[in-house]
Amino acid sequence: MTEISDKQRTVFFISSNTGITADTMGMGLLSQFDHISFNRITLPFINTVDKAKTAVKQINDAFKEAGIPPIVFSTLVDDDIRRLVMKCHCEFIDVFDVFLGYLEKILGAASSHTAGRYHGRNDIAEHDSRIEAIDYSFGCDDGVATRNY
């Protein structure tokens with residue numbers, strides 16, 4: 001492994017959905033390298049081959065510009081799209097692949113490989129509760145409606 005210090009690295013967070021999981025996991029890991037600055041680029045909703053080809057071009061362009069392979073944190077669920085992105089000039093970290101295979105072994109069951117499962121789409125009540133909380137916070141922002149406290 002090549003040690004690169006005191007440089008800026010481009011990091012892509014690429015996802016079949018919002019990119020929140022890739023960003024959270026990736027930034028959690030990258031926070032351990034405070035001597036390197038990171039140029040963060042999030043590519044959400046990469047859920048078609050055409051979108052993946054556009055993402056690959058952007059990643060390859062970042063490689064050409066910097067001369068250093070960008071780091072890509074991925075939560076792509078479609079195998080064909082993931083394989084396409086993995087072929088670009090990057091250091092590819094598949095967040096799901098790192099953990100899902102092991103969890104499938106532990107649980108003795110296959111994962112669904114479905115995008116957006118964590119962000120409240122499975123539990124409508126939880127999703128509605130989140131939306132209500134956001135609406136409440138906007139309505140009371142900066143003491144605008146203190147009667148609601």
Side-chain angles (χ1 to χ4, degrees), residues 1-107 109-124 126-142:
M1 175 174 22
T2 304
E3 171 105 9
I4 300 172
S5 59
D6 301 323
K7 290 200 176 218
Q8 180 168 335
R9 292 293 299 264
T10 299
V11 180
F12 287 87
F13 304 96
I14 186 168
S15 176
S16 302
N17 204 8
T18 62
I20 292 170
T21 302
D23 183 82
T24 301
M25 180 66 110
M27 286 310 298
L29 294 168
L30 294 175
S31 70
Q32 299 300 310
F33 301 91
D34 55 1
H35 58 285
I36 300 173
S37 62
F38 298 101
N39 175 29
R40 299 169 54 182
I41 301 168
T42 302
L43 302 176
F45 303 107
I46 305 302
N47 48 21
T48 67
V49 170
D50 287 339
K51 289 179 182 180
K53 288 178 180 178
T54 300
V56 165
K57 182 182 180 332
Q58 190 173 353
I59 293 166
N60 285 338
D61 287 348
F63 168 69
K64 289 175 190 171
E65 183 179 320
I68 301 169
I71 300 166
V72 175
F73 286 94
S74 165
T75 55
L76 296 168
V77 295
D78 183 276
D79 291 333
D80 294 331
I81 292 172
R82 187 173 50 255
R83 279 191 291 272
L84 179 65
V85 175
M86 287 174 74
K87 291 179 182 178
C88 65
H89 299 286
C90 70
E91 301 293 343
F92 190 85
I93 300 170
D94 188 330
V95 174
F96 286 158
D97 191 45
V98 169
F99 299 104
L100 277 181
Y102 187 55
L103 275 173
E104 287 174 338
K105 182 179 174 185
I106 291 169
L107 299 172
S111 61
S112 68
H113 291 272
T114 304
R117 298 294 301 240
Y118 179 69
H119 301 293
R121 291 189 177 170
N122 290 347
D123 185 343
I124 300 301
E126 180 183 348
H127 180 266
D128 290 347
S129 177
R130 282 181 171 185
I131 297 302
E132 287 175 22
I134 291 168
D135 286 343
Y136 175 82
S137 63
F138 280 137
C140 298
D141 191 30
D142 294 331

Taking [X] for the side chain and [Y] for the main chain, is one N or O donor matched with an acceptor at less than 3.5 Å?
| X | Y | value |
| --- | --- | --- |
| Thr24 | Thr21 | no |
| Ser16 | Val77 | yes |
| Arg9 | Pro69 | yes |
| Asn60 | Cys88 | no |

Interatomic spacing from [atom1] in [X] to [atom2] in [Y] - rounded to 0.5 Å:
| X | Y | atom1 | atom2 | answer |
| --- | --- | --- | --- | --- |
| Thr10 | Asp61 | OG1 | CG | 11.5 Å |
| Lys64 | Ile59 | NZ | CD1 | 12.5 Å |
| Lys51 | Ile81 | NZ | CD1 | 9.0 Å |
| Asn17 | Ile46 | CG | CD1 | 11.5 Å |
| Ile93 | Leu30 | CD1 | CG | 7.5 Å |
| Ile14 | Cys90 | CD1 | SG | 8.5 Å |

Practice task
Report, as yes or no, whether the 6.0 Å neighbourhood of atom NZ on Lys53 holds more than 12 heavy atoms from other residues, nucleotides or ligands.
Solution key: no
Exercise for the section: Would you check if Ile41 and Asn39 make a side-chain contact, meaning some heavy-atom pair closer than 4.5 Å? Expected result: yes
Exercise for the section: Would you check if Lys87 and Val56 make a side-chain contact, meaning some heavy-atom pair closer than 4.5 Å? Expected result: no
Practice task
Quickly, which of Phe13, Phe92, Phe12, Phe96 forms a ring-ring contact (aromatic ring centres under 6.0 Å, His included) with Phe73? Name it, please.
Solution key: Phe13
Considering all heavy atoms of both residues, which atom of [X] and which atom of [Y] are nearest to each other, and what is their separation?
| X | Y | result |
| --- | --- | --- |
| Phe33 | Phe38 | O-CE1, 3.9 Å |
| Ala62 | Pro70 | CB-CG, 4.2 Å |
| Ile68 | Phe63 | C-CD1, 3.6 Å |

